[in-house]
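FYI, the numbering just counts along the sequence from 1. The model shown is predicted, which means the values in this text are computed figures rather than measured ones.
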Amino acid sequence: MRHFVRFARLTMLPLALAGLLGQAAAAETETTLNAYAAGYVAGFTCSATFNGGKSPEQIREHELGGIYPLIADRVDNLTAEINREQKWVRVAYDDGQRARISIWRPKLGCVDLPVGASFAQHEHLANPYVSAEPPAADNGQPWQTGNSPLPAEQQSALAAVIDQAFSKHYGAGARTSAVLIATPEHLLAERYLPGFTPETAQRTWSVAKSIGASVIGAAVYQRLLEVDEAAGLENWSHPLDPRGAITLENLLQMASGLDSNVAGNRTDRVYMGGGLVSDTATEAALEVTPGERWKYANNDTMLALRTLRERFATLDDYLRFPFHALLDKIGMQHTYLETDWQGDFILSSQVWTTARDLARLGVLHLNNGEWYDERLLPEDWLTYISTPAPAQPDAGSPGYGAQWWLYNERFPELPNDTIAARGNRGQFLVIIPSHDLVVVRRGYDLAGQPGFNEHDFTRDVLKALATGEQRP
């Protein structure tokens, strides 16, 4: 059965962003921008349908509303053709002359085919057996669920903070879909937007970077990689190529020195244009000495995972590794790691997962890389990712470790050991080892408006959990 879903425009493009849109549009042709918009609709409709189990109405409201202004007005009147039996989505553009196609695979989610490809060519996609079974119902492990272990006064204070999280209190453009607060033993609080459940996956955006770092950590523990060694990519192997000096640590610390354009977080050709990691990220030229400059760059994360790929004899072995070495071990059964059409993980952004699965990753780090007495990450991995990189972001931003943001002395209202995975549209996984605490917030914050302030929210959560503690 095929369903046709028509997407009407949901929001007006803010006037303040019109200039930005005009500048961005000058870099690409109209046909390319139309292909981006169609790819965005195809990819998000595919992932939200088959990873997240979302309805067309939810997709219209959340995935395609309040989005990146470059293509926001181009999703108008695009029609998504959904084939639920074969699990693919097709979106025609340029008056039906061309189409973008996204295809779902178990555990690997949806992959966007390149411009000009047809569904008939899908047999050329890598599709290793990871797990063909649908994920089981989430039973809450490893936490005890049910009655809260918190005193009534703390429960009440925490509930009031969560009420604020589902309002505009922490940002005028905030749209919260999930909040979860946990220790390794207990789910202290959990709430979802109506229509969402603990099994509703949504895109992590750049929280995926910290998931990618955890996959790298598992590879380091298994001695497949060393962070201080050269990345050793085949594409950089010529004796005259200065990129051969880039280490895996440089990539993890956003200090590759590579040219990532003005905004290193804009990798549109890979994210929605059907481009490849191998013909974009690996082709970037060196700008400055590796390790000399901090610059947030999606390519650095994709290259770190490409480094891991080149350590495997086969693509299938590489695609299975994150699940067998990490995700399946800790029960992240509702997590989908998406790839480009040649099998490179796009772990800078394209992961779909649930609040509980993110909390499980947080608990693994609180447990210093152990899960039920099985070590999955190096014993010092939490220390490693939490150590400030030599080159740092400007003041006013959190600091940076290895694919994790650091709050340390820059934000004195939070414990000095607070770290976070942070993603577009308000995705946050905050870990506070000194409080044995994980805080997760998921959302669909509106582009161009003040988003959810995770610092203030985490501060207020800690205050709520301390309610009554100072009384005699």
Cationic N near anionic O, under 4.0 Å, [X] to [Y]:
X    : Y    : result
E374 : K329 : yes
D300 : R306 : no
K107 : D328 : yes

**Prompt:** Taking the six-membered ring for Trp, are W205 and F44 ring centroids under 6.0 Å apart?
**Reply:** yes

**Close aromatic pair by centroid cut-off 6.0 Å: F457 and F428** = no

Do [X] and [Y] get their side chains close enough for a donor-acceptor pair, meaning under 3.5 Å?
X    : Y    : answer
S348 : T301 : no
Y296 : S206 : yes
E338 : Y336 : no
R203 : S47  : no
D268 : Y68  : yes
N250 : S256 : no
S210 : R422 : no

With under 30° as parallel and over 60° as perpendicular, where do the rings of [X] and [Y] fit, or are they tilted in between?
X    : Y    : value
F321 : F312 : tilted
Y407 : H455 : parallel
W104 : F50  : tilted

**Message:** I'd like to know whether Y271 forms a ring pair (Phe, Tyr, Trp, His ring centres under 6.0 Å) with Y40, so could you lay out the CA-CA distance, the side-chain angles of the two residues, the decisive distance to 0.1 Å, and finally the verdict.
**Reply:** CA-CA 8 Å; Y271 282 12; Y40 195 98; over 10 Å; no

Pairwise distance [atom1]([X]) to [atom2]([Y]) - rounded to 0.5 angstrom:
X    : Y    : atom1 : atom2 : value
H324 : L319 : NE2   : CG    : 10.5 Å
I211 : T353 : CD1   : OG1   : 6.0 Å
Q58  : L64  : CD    : CG    : 12.5 Å
Q155 : S148 : CD    : OG    : 4.0 Å
K87  : S102 : NZ    : OG    : 13.5 Å
K209 : S214 : NZ    : OG    : 14.0 Å

Residue pair [X] / [Y], side-chain heavy-atom distance below 4.5 Å:
X    : Y    : result
C110 : W352 : no
W404 : I431 : yes
T339 : R105 : yes
V351 : L347 : yes
T418 : F411 : no
V111 : L125 : yes
L251 : Q253 : no
D228 : L248 : no

Examine distances only and state if a side-chain atom of [X] and a backbone atom of [Y] form a donor-acceptor pair shorter than 3.5 Å.
X    : Y    : answer
N367 : G369 : no
N261 : A263 : no
S397 : P393 : no
Q154 : L465 : yes
Q427 : N424 : yes
K295 : M254 : no
N416 : E409 : yes
T49  : T45  : yes

Please find the pair of heavy atoms, one from [X] and one from [Y], that lie closest to each other, and give the distance.
X    : Y    : answer
A165 : T176 : O-OG1, 2.5 Å
F323 : T335 : CE2-O, 4.0 Å
H334 : D357 : N-OD2, 3.0 Å
D460 : V161 : O-CG2, 3.7 Å
D340 : V277 : OD2-N, 2.9 Å
D417 : S434 : OD2-N, 2.7 Å

**Asked** For A182, which residues count as a side-chain contact (heavy atoms from CB on, under 4.5 Å) partner, sequence neighbours excluded?
**Response** W143, L180, L187

**Prompt:** Around R320, counting heavy atoms of other residues, nucleotides and ligands shown, do more than 12 lie under 6.0 Å from its CZ?
**Reply:** yes

**Request:** Please lay out, stage by stage, how S177 and Q202 fare under the test side chain to side chain donor-acceptor pair (under 3.5 Å).
**Result:** CA-CA 9 Å; S177 56; Q202 67 183 85; 2.7 Å; yes

**Item:** Verdict with reasoning, W405 to R410, per side chain to side chain contact (heavy atoms under 4.5 Å, CB included)
**Value:** CA-CA 11 Å; W405 296 89; R410 295 185 178 211; over 6 Å; no

**Message:** Assess the residue pair T458 and R441 against the criterion (side chain to side chain donor-acceptor pair (under 3.5 Å)); give the C-alpha distance rounded to whole Å, side-chain angles, the decisive distance to 0.1 Å, and a yes or no.
**Reply:** CA-CA 10 Å; T458 303; R441 188 268 183 177; over 6 Å; no

**Message:** Is there a salt bridge (charged side-chain N to carboxylate O under 4.0 Å, His left out) between D317 and R309? Walk through the geometry before answering.
**Reply:** CA-CA 9 Å; D317 287 342; R309 174 177 176 170; over 6 Å; no

Which side-chain N or O atoms in residues 377-388 pair as donor and acceptor under 3.5 Å with protein atoms at least two apart or in another chain?
unit_1: Y384; atom_1: OH; unit_2: E249; atom_2: OE2; d: 2.9
unit_1: S386; atom_1: OG; unit_2: L382; atom_2: O; d: 2.7
unit_1: T387; atom_1: OG1; unit_2: T383; atom_2: O; d: 2.6

**Asked** In this structure, which one of E63, E61, E199 forms a salt bridge (charged side-chain N to carboxylate O under 4.0 Å, His left out) with K54?
**Response** E63

**Request:** List the steps, then state whether side chain to side chain donor-acceptor pair (under 3.5 Å) holds for Q392 with Y400.
**Result:** CA-CA 6 Å; Q392 285 290 302; Y400 209 75; over 6 Å; no

**Request:** Kindly confirm or rule out a cation-pi arrangement of R425 over F452, judged by NZ or CZ under 6.0 Å from the six-membered ring centre and within 45° of its axis?
**Result:** no

**Qualifying residue, where the test is side chain to side chain contact (heavy atoms under 4.5 Å, CB included) with L361 and the options are V438, V440, L429** = L429

**Message:** So, using ring-ring contact (aromatic ring centres under 6.0 Å, His included) as the criterion, who are the partners of H435 when residues are at least two apart?
**Reply:** none

